[in-house]
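Chain identifiers are assigned alphabetically (A, B, ...) following the order of the sequence lines, protein sequences preceding nucleic acid strands; residue numbering begins at 1 within each chain.
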There are 2 protein chains.
Amino acid sequence: MKLSRYLPILEWGREYRRETLVSDLMAAVIVTIMLIPQSLAYAMLAGLPPETGLYASMAPLVLYAIFGTGRTLAVGPVAVISLMTAVAAGRVADEGSMGYATAALTLAALSGVILMAMGVFRMGFVANFLSHPVISGFITAAGLLIAAGQMRHVLGTQAGGHTGVEIAASLVTTIGEANLWTLAVAIPALVFLAWARKGAADLLWRLGLPRFYASLIGRAAPLLAVAASIAAVKLFDLSARGVATVGDIPAGLPPFTIPAFDPALISALIGPALLLSAVGFVESVSVAQTLAAKRRQRIDPDQELIGLGAANIGASVSGGFPVTGGFARSVVNFDAGAATPAAGAFTAIGIGLASLFLTPWLSDLPVAVLAATIIVAVLSLADFPIIKRTWAYSKSDGAAMTGTILATLLVGVEAGILTGVALSIGLHLYKTSRPHTAVVGLVPGTEHFRNVDRHAVTLAPKLITLRVDESLYFPNARYLEDRVLELAATQPEARHFVLMCPAVNAIDASALESLEVINQRLKEAGLSFHLSEVKGPVMDRLKRSGFLNHLTGKVFLSQYEAFMELGG
Amino acid sequence: MKLSRYLPILEWGREYRRETLVSDLMAAVIVTIMLIPQSLAYAMLAGLPPETGLYASMAPLVLYAIFGTGRTLAVGPVAVISLMTAVAAGRVADEGSMGYATAALTLAALSGVILMAMGVFRMGFVANFLSHPVISGFITAAGLLIAAGQMRHVLGTQAGGHTGVEIAASLVTTIGEANLWTLAVAIPALVFLAWARKGAADLLWRLGLPRFYASLIGRAAPLLAVAASIAAVKLFDLSARGVATVGDIPAGLPPFTIPAFDPALISALIGPALLLSAVGFVESVSVAQTLAAKRRQRIDPDQELIGLGAANIGASVSGGFPVTGGFARSVVNFDAGAATPAAGAFTAIGIGLASLFLTPWLSDLPVAVLAATIIVAVLSLADFPIIKRTWAYSKSDGAAMTGTILATLLVGVEAGILTGVALSIGLHLYKTSRPHTAVVGLVPGTEHFRNVDRHAVTLAPKLITLRVDESLYFPNARYLEDRVLELAATQPEARHFVLMCPAVNAIDASALESLEVINQRLKEAGLSFHLSEVKGPVMDRLKRSGFLNHLTGKVFLSQYEAFMELGG
């Protein structure tokens, strides 16, 4: 039982039957077809030779099948991670050089080690430290950045730039160099791919195919774009007319190499590797959880870390680059009927076959079509309506989301994700540091106490009661001191101060010190300090400290008791 | 009214009278006497010439008097900040060089700008992000580190090292070089200064002096150590016998210089300046609040930032180094009867006079006595009993404290404070990400609901009620989803799920998404999703979102209503 926790394959492998095999094989065929152009495209986005995309879709998938818990998660290169790889590798070496490829492998190795270590130390909870609005904003902004960066392949120009502003400026200034033949290939490809996402399945269905097969074959539509554009290049000799093509892709299986251990390179890449791992993990876990819930399955985030770590280590020793669970390919995998991670392993075999036999046919594939694939993929993940909705519900969440989007577009993906984390946590702590408090009084004829500002209540002249609507911990300890002492100063005739704690779920050490300070200051000002409606677990803790011995007043079980005894 | 918010001097200056003047002058005399050896000592700790300590105790005090809100806070060099200055400056230049002095001035300038900017943007609340246990642990560990670093002056050796381990090892290996004359001066000084903290006042009181004057003159005891050691050095020609002395201190007032604007230096020092400002601010605000509360005064943390910022800018243009409000000197200032910040301004004048006339007399002051001053000062701030108490009350606070202490001792002050912040916030988020939840049932004969694990309660077969004891936000959004779906899976006959929310003070955007997910998944599993006992402000927010339209169930005002309607 314990071993199967670390090797989930032992669990689903036990129940493997013929029907499962058939489902998995069918899904694998569809996903392989979809992945071939996508792998080449993402390798290009990462600034690496196209075949590395194929390599990165083989060993990682197999390793995830052994160690991962998402039954239908498909692991491989994804858009944002490929861009982050390009940014990090581009800082230490020039694109196309030996050093660049080494940097990509090292990034994958570092990412793999980081993810596995986090999994072993059960640190999956850190994924929670990115709020959903920040993740959504980041994916939207990164998608825009990637799409903008790909426009030069659509136009056939030499535009460059790293930040959103640079890319936009460069595109505008180089627009005169646009190659019309490239556009003639790219625009139909863009239109077709965008339509095919939904339209292909609908069309096939209207033509009479059952829904399931219509949807399945609809997913394979990109293959049509690939085949058609290769045919066009050959027919019209487009590469001589300025249309860039993928070029010769070496046939064969991935090379097995151990990346060299270079301390300088590692220390230069460890920071980006941490960010990359965090983003990859969060994205992958989101997808895995969504799909698992559809089948009432559950994933184990800590084991997911191990699975993704193994996948990345696999990528690093097989000529790949950093990988993670991808949204589109996993959804396709799921919809195509994949039952177990074996589908991923079969997909890996499919990619392997493509790598061995299909590559000569792909050399005439226009780069513009790969770019179109990427653009359509990333823009489909962008979510603009949610920005307005988030602002309407919660200004601080809206601010965190907008800050993330701006940082990503104006500075880059790494700055974007760091800004997102800092804003998520910072704004959260800021809100926590100003908890809602209410001076309360007795609602006549009842035993309930309500906010004096919202209800007509009775107050007792010698008693101040403050209800605090938040747990007491270091972010708000000082605020509480200020609030209590401020209130006490405004009512010099008061003799008793009660802190009403029904919403206080915890009191940490800093808050305990603040309570001691409040107790002392109130005593010096001539008031006794009491607590009411303290929760069981909180009371247990307080008893363990010396605070109750110092408390000048009492702890009341109910506020009504306190009011009756002290209000007179 | 508005101007006096930014220039507190206008407020207390208006009520200045003769009695106030006398109190302030008296306090200034005592504090000046105490500060002379301390300023020289802290300059030495910062690796700077002794006169810079005097300079740093002049302009900053005057500027704080104009802009600060702490009536009795005394601003100047303090131990931890001096050490952090030495660490940061030591990284960019060699001690004693021109570049080192420039680095110190630049640190003060950067710190001043950072603090003022934070004050203007009302970011005083960031001081709350350091929990009290972390601050306490940091001060204790930094004190040990500083004391250890000063031991070489007590022994008269050339020991070195930066981290706690290096310093200890170096002291042990160089112990053979110890100078006995230095020890003969240092040990009596240490004993005397340690005793004099309390003992001098007690002795004078027993000799018949009234308590107030006994305490006052007791504070001036260090002067005795200074005078006696200078006499000993002259009498026994100790500097020829290997006892290091302060040496010639140039007489005169501080030079007025604008630090050169060097972008490379600024970018190298901006990180340390941020840490230094944070530590300085937190320490200063703690002291200021404690003393203000004793007199029922209040300080404004945002204005404090402006005051400290002005003080540091003052230090940077008058040959000083980074400063902040100091604990010992402020307490002495307070106890000596200071009424307003004018006492600080008078102290500055006193130090100025000392700088003009007293410095020739100080050249024979043994460095060992300065070291003794520092050691006694920092060890008096160390708090060891609190470590055990904190662990007993809260393991996570204890862990944050211990982690900070270890990081400070083993790596250094900067690593220590960063570790403290990371652990404070990280552990806080970790605890928040696993909120306490309870499946609840009806206590028979009442309308109350309690935890099934703790009480004998009645459950309804078709209803699951989960009470969550925490606000719902991104750190715990995913945990909630898991918990709800897990529960639903264990009771397949249930048709209704109620989330009971009396302790939920807020629901952020991420949690709202999770509620939508829960709503959907429960629907797919055949359960309706309801809420009960939702707080007013939380309900207002929910109404603004679309969630209530999607909710498959209802929102009940009380759990009892929900139980009655759905439990049947």
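- The residues B:Asp469 and A:Lys535 are annotated as salt-bridged, a charged nitrogen and a carboxylate oxygen being separated by less than 4.0 angstrom.
- Of the two parts of B:Leu485, neither the backbone nor the side chain holds a non-hydrogen atom closer than 4.5 Å to a non-hydrogen atom of chain A.
- Judged by a 6.0 Å distance limit and a 45° cone about the ring axis, A:Arg541 is positioned over the six-membered ring of B:Tyr393.
- Neither the backbone nor the side chain of B:Ser396 comes within contact range of chain A; no heavy atoms are under 4.5 Å apart.
- In this structure, A:His132 has its ring center no closer than 6.0 Å to that of B:Phe474.
- Residue A:Tyr479 does not touch chain B at all, counting heavy-atom pairs closer than 4.5 Å.
- At a 4.5 Å heavy-atom cutoff, B:Arg389 makes no contact with chain A through either its backbone or its side chain.
- The candidate from B:Leu130, B:Ile135, B:Leu542, B:Ile507 with the greatest count of non-hydrogen atom pairs under 4.5 Å with chain A is B:Ile507.
- Neither the backbone nor the side chain of B:Leu427 comes within contact range of chain A; no heavy atoms are under 4.5 Å apart.
- Contacts of B:Gln520 with chain A are absent, with no heavy-atom separation under 4.5 Å from either backbone or side chain.
- Taking chain B as the reference chain and counting heavy-atom pairs below 4.5 Å, the highest number among A:Val504, A:Val517, A:Asp482 is found for A:Asp482.
- At distances below 3.5 Å, at least one donor-acceptor pair connects side-chain atoms of A:Asp397 with backbone N or O atoms of B:Ala509.
- Proximity to chain A is limited to the side chain of B:Val285, based on heavy atoms less than 4.5 angstrom apart.
- Annotation: maximal heavy-atom pairing with chain B below 4.5 Å, among A:Val134, A:Ile425, A:Leu512, A:Thr390, occurs at A:Leu512.
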